[in-house]
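What follows is a set of notes on a single structure, which appears directly below.
Source: prediction; values computed, not measured.
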There are 2 protein chains.
Amino acid sequence: MKKPAKDEFAALRLDNQLCFPLYAASRLVIKLYKPFLDRHGLTYTQYIAMMALWEKDDVAVNELGERLFLDSGTLTPLLKKLETSGFIRRERDAADERTVRIQLTGQGKKLQKAMVDVPRQMASCVHIGRDEAGNLHELLHDLIRNLSKTG
Amino acid sequence: MKKPAKDEFAALRLDNQLCFPLYAASRLVIKLYKPFLDRHGLTYTQYIAMMALWEKDDVAVNELGERLFLDSGTLTPLLKKLETSGFIRRERDAADERTVRIQLTGQGKKLQKAMVDVPRQMASCVHIGRDEAGNLHELLHDLIRNLSKTG
DNA sequence: TACAATTAAATTGTATTCAATTTAATTGTA
DNA sequence: TACAATTAAATTGAATACAATTTAATTGTA
């Protein structure tokens with residue numbers, strides 16, 4: 001007589017994987033950002049590129065890409081748009097013509113002041129406790145450290 | 001005399017946000033999946049669509065979209081590709097011609113058996129402890145519950 | 001110094017994402 | 001029953017992602 005079989009495919013269920021919740025949560029949070037970013041004329045990816053530049057200006061596309069885990073295929077068109085919008089300048093490095101250095105314009109620097117409240121506004125939309133947020137933050141950073149070593 | 005100012009822009013740092021680690025971790029994990037999925041001719045989004053269908057067959061595009069948090073703009077072309085690949089059938093519902101029902105083909109069902117080991121193979125790439133994984137899983141699900149209520 | 005190897009961006013092509021609009025079918029109601 | 005409102009997919013257009021290739025510049029070395 002057959003026992004009621006334990007589901008042999010249990011591991012293939014969406015809810016039993018780490019990846020799907022990561023993917024879903026990431027997209028939901030980014031969608032939540034949209035109205036706040038729209039006001040400033042930025043997409044989410046453009047926003048994190050600006051954040052990286054506010055932390056460190058005058059960097060090569062490469063270096064920016066390492067911080068954001070994005071390659072030139074994504075960054076080149078994105079940076080061209082940010083340039084057209086007036087937030088950055090793209091200049092070939094005179095010492096090494098292969099690299100393009102990204103610099104904030106005055107407008108790009110002003111944007112930081114204008115967006116200083118965005119994180120607080122976002123936080124008020126995501127109802128998550130201090131402890132949970134801290135916990136999640138630490139777990140995600142461990143995961144990222146882990147994965148960026150591998151790849 | 002000015003005190004050394006606490007950084008007024010601290011909240012705008014990439015590392016101080018929840019969203020960026022989510023976004024980065026999600027993309028890194030998906031990238032890790034690629035070689036395992038390539039073997040079976042699936043992209044990551046196609047893979048989670050198939051997972052959803054393995055759990056529940058013969059569903060409308062709408063219902064699939066709710067489970068995956070994706071809309072018809074993403075799903076329609078993706079499902080057409082899965083149909084071309086031979087894993088699913090798309091049929092208008094006779095009772096309500098507006099809805100398209102998605103059904104697994106024999107090949108689509110066989111694929112589940114062929115991919116049963118993918119989660120284990122993935123797990124062996126992501127070196128994360130049982131407790132951490134469980135923790136992260138729970139925190140992400142709380143966050144998703146939270147966000148899908150809001151939106 | 002030639003020149004192969006390497007490196008940095010840019011380009012190309014495929015596949016998402018998603019907001020907004022359109023099309024077609026169904027439902028609710030005056 | 002007409003017909004406005006609603007609903008489900010599909011379509012359109014803009015912006016990513018990313019693998020793979022290309023282009024141009026630089027480095028290492030025979």
Side-chain angles (χ1 to χ4, degrees), chain A residues 19-20 22-35 37-38 41-50 59-66 68-85 88 90-102 147 151, chain B residues 19-20 22-35 37-38 41-50 59-66 68-85 88 90-102 147 151:
Chain A
C19 188
F20 178 67
L22 266 177
Y23 164 80
S26 165
R27 283 170 37 239
L28 286 169
V29 176
I30 288 174
K31 206 176 292 189
L32 209 58
Y33 265 98
K34 192 173 182 333
L37 300 182
D38 276 352
L42 289 184
T43 64
Y44 178 73
T45 317
Q46 290 167 7
Y47 172 61
I48 61 171
M50 290 303 293
V59 293
V61 173
N62 240 1
E63 187 181 337
L64 193 59
E66 276 170 28
L68 303 175
F69 305 98
L70 291 170
D71 67 10
S72 69
T74 302
L75 284 177
T76 295
L78 183 143
L79 292 170
K80 283 182 182 171
K81 252 162 243 153
L82 285 176
E83 186 176 44
T84 302
S85 302
I88 65 165
R90 297 160 64 247
E91 278 171 13
R92 290 273 161 193
D93 187 328
D96 184 344
E97 289 278 343
R98 288 172 304 178
T99 78
V100 167
R101 304 194 72 81
I102 310 299
L147 295 177
Chain B
C19 188
F20 178 66
L22 266 178
Y23 164 79
S26 165
R27 281 171 38 238
L28 285 169
V29 176
I30 288 173
K31 207 177 292 188
L32 209 60
Y33 264 99
K34 191 173 181 335
L37 300 183
D38 276 353
L42 290 184
T43 64
Y44 178 73
T45 317
Q46 290 167 6
Y47 172 61
I48 60 171
M50 290 302 293
V59 293
V61 173
N62 240 1
E63 187 181 338
L64 193 60
E66 276 169 29
L68 303 175
F69 304 98
L70 292 170
D71 68 10
S72 68
T74 302
L75 285 177
T76 295
L78 183 143
L79 293 170
K80 283 181 181 172
K81 253 162 243 152
L82 286 176
E83 185 176 45
T84 302
S85 301
I88 64 165
R90 297 160 63 247
E91 278 172 12
R92 289 274 162 192
D93 188 328
D96 184 343
E97 289 278 343
R98 289 172 304 179
T99 78
V100 167
R101 304 193 73 81
I102 311 299
L147 296 177

message = Can you build the contact string for nucleotides 6-16 of chain D? Use B for base contact, S for sugar-phosphate-only contact, and - for no protein heavy atom under 4.0 Å.
response = -BSBBB---SS
Return the value, rounded to whole Å, for the distance between atom [atom1] of [X] and atom [atom2] of [N].
X	N	atom1	atom2	result
A:Leu37	C:dT17	CG	P	19 Å
B:Leu68	C:dT17	CG	C1'	13 Å
B:Leu70	C:dT17	CG	P	7 Å
B:Lys34	D:dA19	NZ	P	7 Å
B:Asp38	C:dA15	CG	P	11 Å
B:Glu66	C:dC18	CD	C1'	17 Å
B:Leu82	C:dA15	CG	C1'	12 Å
B:Glu97	C:dT23	CD	P	19 Å

ask   = Should the pair A:Tyr33 and A:Tyr47 be assigned to parallel (<30°), tilted (30 to 60°) or perpendicular (>60°) ring geometry?
value = tilted
Can you give me every donor-acceptor pair (side chain of residues 72-83 of chain A, partner residue at least two apart or in another chain, under 3.5 Å) with its distance?
from    : atom 1 : to      : atom 2 : distance (Å)
A:Thr76 : OG1    : A:Ser72 : O      : 3.0
A:Glu83 : OE1    : A:Arg90 : NH1    : 3.3
A:Glu83 : OE2    : A:Arg90 : N      : 3.2

For D:dA15, the Watson-Crick or wobble counterpart (both distances under 3.5 Å) = C:dT16
request  = Once you apply the 3.5 Å cut-off to both distances, tell me the Watson-Crick or G-U wobble partner of C:dA24, or none.
outcome  = D:dT7
